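What follows is a short report on a single structure.
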Number of protein chains: 2
Amino acid sequence: MATTTAAQRRARAKTEYDAFFAACPSRELLNRISGKWVALVLAALGGDGPQRSGGGCTGEPRPMRYSELSRALAGVSQKMLTQTLRSLERDGLVSRTVVATVPVTVTYELTGLGVSLHHMVRGLKTWAETHMDDVIAHRASYDSEPAG
Amino acid sequence: MATTTAAQRRARAKTEYDAFFAACPSRELLNRISGKWVALVLAALGGDGPQRSGGGCTGEPRPMRYSELSRALAGVSQKMLTQTLRSLERDGLVSRTVVATVPVTVTYELTGLGVSLHHMVRGLKTWAETHMDDVIAHRASYDSEPAG
DNA sequence: TGCTCTACGCACTTTCAGGTGCCTACTTCC
DNA sequence: GGAAGTAGGCACCTGAAAGTGCGTAGAGCA
């Protein structure tokens, strides 16, 4: 029977779509940067963190130690920091360097690719700071409207 | 006792951080666009969808009906489409227009703010298409390395 | 007159990112 | 010599997002 009109057509479309969906580079990018700590790590390694010394707040990429990151991203657990750094390293966005000092120290640094991504995330941040006020305003007026 | 050095310091920092974190505009933006269907809806309304007619694939923003969106984003459930559209409408990114035709039809359209956001998402897409190959390559080589 | 379409609403369930807690092996400080 | 720091690993838990399924109210269609 060819009565499979609306629901089944959609189910079929969904199946086809999912394969494409999983491989979509934009989706992968969104999944990567929407991680709770990814953008923070990028910002910290990119020099956007809270600068306690120096003048401007532009900041330049610089290597940071694990414990330094842990302090800069106050609130992150060791597990999540490790996990985030590992996934970023896996994707070639940061490089991990082990230094055999007194207690073994590890430094993380943005790669070229990571710097590129960081620039884009900074663009996101700029957009957010420019337009999110409008969004919040809309949200407030929408919520205050009588539901109808 | 003032022995609360490492763990408790971190717990305290986390508490302070969370308040800032929740209000961070960049975080809000990421939360918004990282929704599974948000970027797709933006792309569809912005004209980036699969163009079955016409020449270039640049596309211009145009209003679309609910069912039209449902077909364009093959695989989305009605619930998620509605939910996504509502949240976008709430944030002033799309406008919803009810037309009292034979069966009541609803059209959705990007607002100015929505178009602005769509441009940025398009930037993300461009970055993804340019650099994600590198990322995938890194990922593959990382995975193939002997774990050590 | 039973089926489908439109544009949803509601309730339940699944899934997984993120969080918590406890462990390590080595070293330095007091 | 016990506490804390360094750089994590492992196992379990939770909460929110996403998915599934069913209902609806009016209308067209064979």
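Since the structure is predicted, the reported quantities are computational estimates derived from the model, not experimental observations. Chain A is the first sequence line, chain B the second, and so forth, proteins listed ahead of strands; every chain is numbered from 1.
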Among residues at least two apart in sequence or on other chains, which ones pass side chain to side chain contact (heavy atoms under 4.5 Å, CB included) with [X]?
X         : answer
Arg27(B)  : Ala39(A), Leu40(A), Phe21(B), Cys24(B), Leu30(B), Asn31(B)
Ser67(B)  : Arg65(B), Arg71(B)
Glu28(B)  : Met132(A), Ile136(A), Arg139(A)
Thr130(B) : Thr126(B)

Residue Arg65(B), side-chain heavy atoms: nucleotide from dT6(C), dC8(C), dT6(D) that is nearest: dT6(C)
Using atom [atom1] of [X] as one end and atom [atom2] of [N] as the other, report the distance to the nearest whole Å.
X        : N       : atom1 : atom2 : value
Leu69(A) : dG8(D)  : CG    : P     : 11 Å
Asn31(A) : dA18(D) : CG    : C1'   : 13 Å
Arg27(B) : dA17(C) : CZ    : C1'   : 12 Å

dA7(D) phosphate, OP1 or OP2, under 4.0 Å from Ser67(A) side-chain N/O: yes
Phosphate OP1/OP2 of dT6(D): any Arg71(A) side-chain N/O under 4.0 Å: yes
DNA chain D-proximal residues of residues 81-89 of chain A, any heavy atom under 4.0 Å: Thr82(A), Arg86(A)
Which residues pass the side-chain hydrogen bond (donor to acceptor under 3.5 Å, both in side chains) test with [X], sequence neighbours left out?
X         : value
Thr107(A) : none
Ser95(A)  : none
Ser87(B)  : Arg32(B)

Selection residues 93-102 of chain A - residue pairs positive for salt bridge (Lys or Arg N to Asp or Glu O under 4.0 Å), sequence neighbours left out: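 Sorted pair list comes back empty.
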Side chain proximity check, Leu117(A) to Leu29(A), heavy atoms < 4.5 angstrom: yes
Heavy-atom side-chain proximity of Thr84(B) to Val76(B) below 4.5 angstrom: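 They are not in side-chain contact.
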Would you tabulate the pairs of protein nitrogen or oxygen atoms and nucleotide nitrogen or oxygen atoms of nucleotides 19-28 of chain D closer than 3.5 angstrom?
from	atom 1	to	atom 2	distance (Å)
dG19(D)	OP1	Lys36(B)	NZ	2.6
dG19(D)	OP2	Trp37(B)	NE1	3.0
dG19(D)	N7	Lys79(B)	NZ	3.0
dG19(D)	O6	Lys79(B)	NZ	2.6

Pairwise ring-ring contact (aromatic ring centres under 6.0 Å, His included) hits with a residue in residues 112-135 of chain B, at least two apart: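 Non-adjacent pairs meeting ring-ring contact (aromatic ring centres under 6.0 Å, His included): Trp127(B)-His131(B).
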Five-pair end axes of the helix from dT1(C)-dA30(D) to dC30(C)-dG1(D), angle between them (10°): 20°
